[in-house]
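See below for the structure under consideration.
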Amino acid sequence: MQREIEFTDDFKQNLNDFLGEKKAELCMEAMKKQDKTIRVNTLKISKKELLDRLKNKLKLEAVNFYEYAFRVNNYPKEGLGNLMEHFFGYFYVQSLSSMLPVLVLNPKKNTKVLDLASAPGGKTSQIAQHMENTGLLLANDNNYSRISALVNNCSRLGVLNMVVTKRDGRSFRKPEFDKVLLDAPCSGDGSYSKKIKEWNEKKSRNFGELQRELLMSAFNSLKPGGELVYSTCTFSANENERVVSKVLKRFENAELQRIEIKGLNCSRGLKEYGEEMDKCLRIWPHEIQSEGFFIAKIKKVKE
Amino acid sequence: MKDFSSFINNTYSIKLPKNLMLLEDEEKVSIMTKEAFDYKEKNERKGMIAGRKLEMGYKPSTDFLQMFGNLAKKNFVVLNENESLGFAKGENISLDEKRIEKLEKWFLIVKNGEGAVLGCGYLRGNTLENNIPKYRRIFAGKRKEEIEE
């Protein structure tokens with residue numbers, strides 16, 4: 001599917017600085033042509049059963065690095081959301097990049113997980129799926145209308161281990177979670193065409209400050225030995241490497257973990273913010289035919 | 001009024017998995033894991049809404065029935081492919097006498113021919129009234145996840 005996107009001069013300049021002119025062009029082309037992808041919801045159906053059901057409706061292509069992800073190579077005219085399998089909650093329409101943070105988080109059965117900025121619920125329901133609907137998944141967001149989307153989506157997908165809270169994410173401090181996902185609010189230029197138009201350096205710096213505070217809360221909420229994943233859908237270093245680097249400096253017991261996803265074509269974090277940023281992932285649209293993303297994983301080592 | 005667990009057992013012969021908990025307030029019943037049930041701090045929602053309380057019993061939710069309705073042994077209706085599609089769109093379905101003879105005049109579980117549960121319908125006369133919430137129906141407009149994910 002081709003999308004109309006208006007790239008501003010500010011945005012183009014920023015992208016050129018990261019990638020050079022040639023790759024920046026490739027990246028912008030890829031942003032216009034992002035593939036539609038779905039995630040099989042194994043809380044309700046097995047992968048095999050869903051593939052059997054969809055074989056005459058969709059041309060699905062497996063993704064080599066995530067067993068539940070499929071690219072949709074023939075977008076149905078009625079839309080994916082109007083298929084009966086969607087109605088039954090057998091799959092969720094989710095961009096490939098946005099499945100990666102949960103893959104990195106790797107939540108387990110019977111644990112306690114916090115999703116600090118959870119709406120509209122794609123990653124939340126993916127966490128529940130990996131937890132096999134056991135334990136406790138605390139899904140927080142600070143906006144009522146977004147919480148409504150979160151609840152509707154997770155209910156359709158059969159999530160039973162979730163408690164929803166409406167709090168300022170910066171208020172979480174109690175060290176009680178095995179894992180925390182912070183898919184942070186961001187300037188969104190890796191993903192949303194509307195946000196690309198509005199993107200500027202100042203806005204991005206403001207987000208950086210909020211993200212630093214949220215990441216500190218996420219870290220404080222971890223039990224010793226626990227792990228968090230920080231992700232955004234922006235290219236801006238102000239909201240990515242700079243935020244991670246500040247929080248690592250703030251906590252002596254924060255240890256950046258190297259992320260490896262076998263088969264994923266991606267780049268590494270920018271070393272100008274510290275050699276170890278190489279452990280983080282930068283997902284460029286032209287490398288994955290999906291949204292731009294940044295992902296970091298931090299462990300709270302025992303003091 | 002009996003509790004929700006006995007109600008769905010009596011009405012549909014559904015026995016819920018023992019590891020799940022039910023939480024009732026004045027208006028609704030929710031179903032969740034024990035860990036979610038035990039969470040004590042202020043919250044907006046726990047688990048999934050299983051049903052709404054009515055004077056004479058409960059109305060089970062579409063989401064609940066899509067998870068557990070396939071365990072039902074009675075008070076369910078099976079629709080053919082065309083009827084199923086219509087029901088998922090929000091249409092009422094006319095049923096002939098033969099198809100409704102053993103059914104109670106209450107909220108019924110509605111399945112398709114493959115055994116997948118579509119949701120809940122209320123039998124009034126020969127008409128199966130659609131009780132799928134508007135936002136859950138297909139062809140109900142653009143969905144939020146497709147806008148925001």
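What you see is a predicted model; the values in this text were computed from it and never measured. Order of the sequence lines fixes the chain letters, A, B, ..., with proteins taken first and strands second; residue numbering starts at 1 for each chain. Heavy-atom basis, side chains included; hydrogens, waters and symmetry copies ignored.
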Under 4.5 Å from a heavy atom of chain B, the part of [X] involved:
| X | value |
| --- | --- |
| A:K44 | side chain |
| A:N133 | both |
| A:V151 | side chain |
| A:L83 | backbone |

Any ion pair linking B:E41 and A:K174 (charged N to carboxylate O, less than 4.0 Å)?
yes
Rounded to the nearest 0.5 Å, what's the gap from [atom1] on [X] to [atom2] on [Y]? Could you check?
| X | Y | atom1 | atom2 | result |
| --- | --- | --- | --- | --- |
| A:N161 | B:M48 | CG | CE | 10.5 Å |
| B:N19 | A:T134 | CG | OG1 | 9.5 Å |
| B:R45 | A:I147 | CZ | CD1 | 10.5 Å |
| B:I31 | A:S155 | CD1 | OG | 12.0 Å |

Counting only heavy atoms not in [X], do more than 12 sit closer than 6.0 Å to its [atom1] atom?
| X | atom1 | value |
| --- | --- | --- |
| A:K47 | NZ | yes |
| B:E27 | CD | no |
| B:K15 | NZ | no |
| A:K77 | NZ | no |

For the candidates B:M32, B:E114, B:K46, B:M67, which exhibits the highest count of non-hydrogen atom pairs separated by less than 4.5 Å from chain A?
B:M67
Only one of A:V164, A:V163, A:D141 clears side chain to side chain contact (heavy atoms under 4.5 Å, CB included) with B:E44; which?
A:V164
Suppose a student defines contact as a heavy atom less than 4.5 Å from any heavy atom of chain A. Which residues in residues 68-96 of chain B would they list?
B:F68, B:S84, B:L85, B:A88
Give me the atom names and distance for the closest heavy-atom approach of [X] to [Y].
| X | Y | answer |
| --- | --- | --- |
| B:T33 | A:G135 | OG1-O, 3.0 Å |
| A:G81 | B:I138 | O-CG2, 4.3 Å |
| A:L160 | B:A36 | O-CB, 4.4 Å |

Can a cation-pi geometry be assigned to B:R136 and A:F87, taking NZ or CZ under 6.0 Å from the six-membered ring centre and within 45° of the ring axis?
yes
Do the side chains of A:F88 and B:V117 get nearer than 4.5 Å, heavy atoms only?
no
Does any non-hydrogen side-chain atom of A:T165 lie less than 4.5 Å from one of B:Y39?
yes
Assert top hit (heavy-atom pairs under 4.5 Å, partner chain B, pool A:R167, A:K112, A:R53) equals A:R53
Given that the side chain runs from C-beta out, which part of B:L20 has a heavy atom under 4.5 Å from chain A: side chain, backbone, both or neither?
side chain
